[in-house]
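Working notes, beginning with the structure itself.
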Amino acid sequence: MDKHTFNKGLFSFIGGAPTPFHATLGMLDRLTDAGFVQLYEADAWQLGVPGRYVVVRNDSSLIAFVVGEEDLLQNGFRMFGAHTDSPCLKVKPQPDKVVKGYHQLGVEVYGGALLNPWFDRDLSLAGRVSYLSKAGVIADAVIDFKQPIAVIPSLAIHLDRQANKERTINAQLHLPPLLAQLDDEKAKPHFNELLLAHLVEQPSYGDVEKVLDYELYFYDTQPPGYVGLEQQFIASARLDNLLSCYVGLQSLLSAGTRHSSMLICTDHEEVGSASFCGAQGPFLRSVLERICGDNETLTRIMDRSVLISADNAHGIHPNYVDKHDENHGPLLNHGPVIKINANQRYATNSATAALIRLLAEQAGVPLQSFVTRTDMGCGSTIGPITTTEVGVKTLDIGVPTFAMHSIRELAGSDDGWMLKQLTDAFFQSDRLL
Ligand SMILES: [Zn+2]
């Protein structure tokens, strides 16, 4: 594999993953195609050595692992974590609104979305629909309209002369996307019926009787791609954090079976990770307990293990250079960024950073460091949460990006590939800490 092949694979993965459900199923497909065996949480597990397995929870979180030939008690797990969700707009339970004959859908804001870029985009809708089948059972469908079916038009500048100076967005009033113009102003469209019609059209859901509920999200239909005079950048929705998921996936697929390794991709990071399938929930601990057997063995194995928590970092923006500490402004295409915070918003410590710095040096991968300005607050991620839950030594790292949480984010075209090489070196390293 080379950088270009890696980036093309990344574009295809993100383009096919408008929601955490699609991201998880996309990873599951790639893993099972490569011979990973899917385990189900409700079943008893018989794990072989060596063995390659994958478990999914809620269709939106995934843990894949290799039980390696070497003794877990001596050699631990090489673990890599990322998150499957991204900020976006979610359709409300009773979303239908008709104003002046326009059919609109009410939305909630999921996570810390940058709202301005959502205007004037060709939006589609995807997610999970739970329905009653003709046989009388509840079933789920992970769907994607794929076509641009909605838009949030801006208000013209002539009607808001201050728009470029002090535009504010009222999320309740200004965000409902425009879906259709109705022939009859008094018509009462029903979103569930529209969903039913969409499902019935799909050959795989011919048994649908009635839509019971859904989790559906708007997304931008513009596909990921290179940008820049010399294609030095990649632009896409959901680079935070599907880029990291894709890196971890590719490295796990090529990890071999000598060491034990694990990929953890969880939902709900953008809203704090506290959920039954999030990083603050019981999913990871439960999988680890089933692999390790008892609590003492788990503790001993965790003491031998290291987790790379991968989530994007803020590159220093040339138009806003004062937003970074002058010695810690990561540049795009200059390598992955180790993230450090004195107040444990990141879980990196000197021991885990030392290990990764050495591995990077040996692999020829340049590294950068990020700490926030001392007079500004700091974001966080799954690293501190996961180490709090299972007690594994952790490093927070990520590729530098611009426009984090926009509907279209920007990264360097070299950095994902470099993080992949570093993760390969980590999965293949003989010694941890
Ligand atoms: Zn993130």
Side-chain angles (χ1 to χ4, degrees), residues 7 10-11 14 86-89 109 111-122 152-157 160-169 171 174-175 219-220 222-244 270 310-341 345-346 366-381 396-419:
N7 283 333
L10 173 69
F11 296 163
I14 297 185
S86 304
C88 61
L89 304 182
V109 179
L114 196 58
L115 293 175
N116 267 307
W118 280 81
F119 288 77
D120 310 320
R121 289 276 173 174
D122 303 347
I152 313 169
S154 291
L155 182 65
I157 193 159
D160 179 8
R161 291 287 180 191
Q162 298 302 309
N164 287 334
K165 275 197 176 148
E166 50 192 42
R167 181 184 180 195
T168 55
I169 297 167
H174 303 153
L175 288 182
Y219 71 92
D220 185 5
Q222 186 178 2
Y226 285 113
V227 64
L229 191 60
E230 297 181 22
Q231 302 203 326
Q232 288 163 307
F233 311 109
I234 55 180
S236 173
R238 304 178 299 283
L239 288 173
D240 173 13
N241 193 14
L242 296 185
L243 187 156
S244 304
E270 299 293 357
D311 201 352
N312 295 351
H314 299 297
I316 187 165
H317 191 307
N319 298 352
Y320 303 89
V321 288
D322 61 341
K323 294 291 179 187
H324 279 71
D325 178 273
E326 66 269 27
N327 287 349
H328 301 89
L331 297 170
L332 270 52
N333 291 317
H334 282 234
V337 181
I338 294 181
K339 300 191 281 183
I340 298 142
N341 181 257
R345 303 285 290 167
Y346 299 126
L367 286 178
Q368 310 183 75
S369 299
F370 174 79
V371 291
T372 192
R373 278 180 63 108
T374 313
D375 55 4
M376 281 173 68
C378 183
S380 192
T381 181
D396 275 298
I397 199 168
V399 302
T401 57
F402 294 149
M404 193 182 287
H405 292 191
S406 169
I407 198 167
R408 200 156 175 87
E409 300 171 323
L410 195 79
S413 53
D414 289 344
D415 293 314
W417 172 237
M418 288 195 268
L419 182 59

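Quick note: numbers below take in every heavy atom, side chains included, and nothing from hydrogens, waters or symmetry partners. These figures come from a predicted structure and were not determined experimentally.
For Phe119, there are no ring pair (Phe, Tyr, Trp, His ring centres under 6.0 Å) partners, not counting sequence neighbours. By the side chain to side chain contact (heavy atoms under 4.5 Å, CB included) test, Asp414 is found to be paired with Lys3, Asn333, Met418, residues two or more places apart in sequence or in another chain being considered. Partners of Gln162 according to the side chain to side chain contact (heavy atoms under 4.5 Å, CB included) rule, which considers only residues two or more places apart in sequence or in another chain, are Asp160, Lys165, Glu166. Under the rule for a side chain to side chain contact (heavy atoms under 4.5 Å, CB included), the partners of Ala313 that lie at least two apart in sequence or sit in another chain are Val337, Lys339. With sequence neighbours left out, the side chain to side chain contact (heavy atoms under 4.5 Å, CB included) criterion links Leu367 to Pro336, Ile338, Ile356, Arg357, Ala360, Ile397, Leu422.
Side-chain atoms of Asp415 come within 3.5 Å of backbone N or O of Gly335 as a donor-acceptor pair. Remark: side-chain polar atoms of His324 are paired, donor with acceptor, to backbone N or O of His314 under 3.5 angstrom. Remark: the backbone N or O of Gly377 is not paired with any side-chain donor or acceptor of Arg345 at under 3.5 angstrom.
Ring geometry for His317 against Phe402 counts as tilted: the plane angle lies between 30° and 60°, on a 0 to 90° scale.
Side-chain contact between Asp396 and Asn341: absent, with no pair of heavy atoms (C-beta onward) separated by less than 4.5 Å. The side-chain heavy atoms of Thr401 and Val399, taken from C-beta on, include a pair separated by under 4.5 Å. Counting only heavy atoms from C-beta outward, the side chains of Ser244 and Asn312 approach each other to under 4.5 Å. For the pair Pro224/Leu10, no side-chain contact is recorded, criterion being any heavy-atom separation below 4.5 Å from C-beta on. Contact annotation: the side chain of Phe370 never approaches that of Pro400 to less than 4.5 Å [non-hydrogen atoms, C-beta and beyond].
Taken from CD1 in Ile234 to CG in Leu332, the straight-line distance is 9.0 Å, to the nearest 0.5 Å. For the atom pair CG (Leu115) and OG1 (Thr168), the distance works out to 11.0 Å, reported to the nearest 0.5 Å. Rounded to the nearest 0.5 angstrom, His174 NE2 and Leu155 CG are separated by 8.0 Å. Separating the CZ atom in Arg238 from the CD1 atom in Ile14 is a distance of 7.0 Å, to the nearest 0.5 Å.
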Problem set entry | Verdict with supporting geometry, Tyr219 and Ser86, side chain to side chain contact (heavy atoms under 4.5 Å, CB included) | CA-CA 10 Å; Tyr219 71 92; Ser86 304; over 6 Å; no
Problem set entry | Ser413 vs Asn7, side chain to side chain donor-acceptor pair (under 3.5 Å): CA-CA, chis, key distance, verdict | CA-CA 7 Å; Ser413 53; Asn7 283 333; 4.9 Å; no
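Between Ser154 and Asp120, the shortest heavy-atom contact is OG-OD2, 2.6 Å. Heavy atoms only, all atoms of each residue included: Asp325 and Val371 are closest at CB-O, 4.3 Å. What you find for Pro87 and Trp118 is that their closest heavy atoms are O-CZ2, 4.1 Å.
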Cut-off 3.5 Å, no hydrogens considered: what does the side-chain donor-acceptor table look like for residues 404-412, sequence neighbours left out?
{"residue": "His405", "atom": "ND1", "partner": "Gly112", "partner atom": "O", "Å": "3.0"}
{"residue": "His405", "atom": "NE2", "partner": "Asp240", "partner atom": "OD2", "Å": "3.0"}
{"residue": "His405", "atom": "NE2", "partner": "Glu270", "partner atom": "OE1", "Å": "3.2"}
{"residue": "His405", "atom": "NE2", "partner": "Glu270", "partner atom": "OE2", "Å": "3.3"}
{"residue": "Ser406", "atom": "OG", "partner": "Arg408", "partner atom": "N", "Å": "3.2"}
{"residue": "Ser406", "atom": "OG", "partner": "Arg408", "partner atom": "O", "Å": "3.3"}
{"residue": "Arg408", "atom": "NH1", "partner": "Gln222", "partner atom": "O", "Å": "3.4"}
{"residue": "Arg408", "atom": "NH1", "partner": "Pro223", "partner atom": "O", "Å": "3.4"}
{"residue": "Arg408", "atom": "NH2", "partner": "Pro223", "partner atom": "O", "Å": "3.1"}
{"residue": "Arg408", "atom": "NH2", "partner": "Ala235", "partner atom": "O", "Å": "3.3"}
{"residue": "Glu409", "atom": "OE1", "partner": "Leu239", "partner atom": "N", "Å": "3.0"}
{"residue": "Glu409", "atom": "OE1", "partner": "Asp240", "partner atom": "N", "Å": "2.9"}
{"residue": "Glu409", "atom": "OE2", "partner": "His405", "partner atom": "N", "Å": "2.6"}

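Counting non-hydrogen atoms of other residues, nucleotides and ligands closer than 6.0 Å to CG of Asn327 gives a total above 12.
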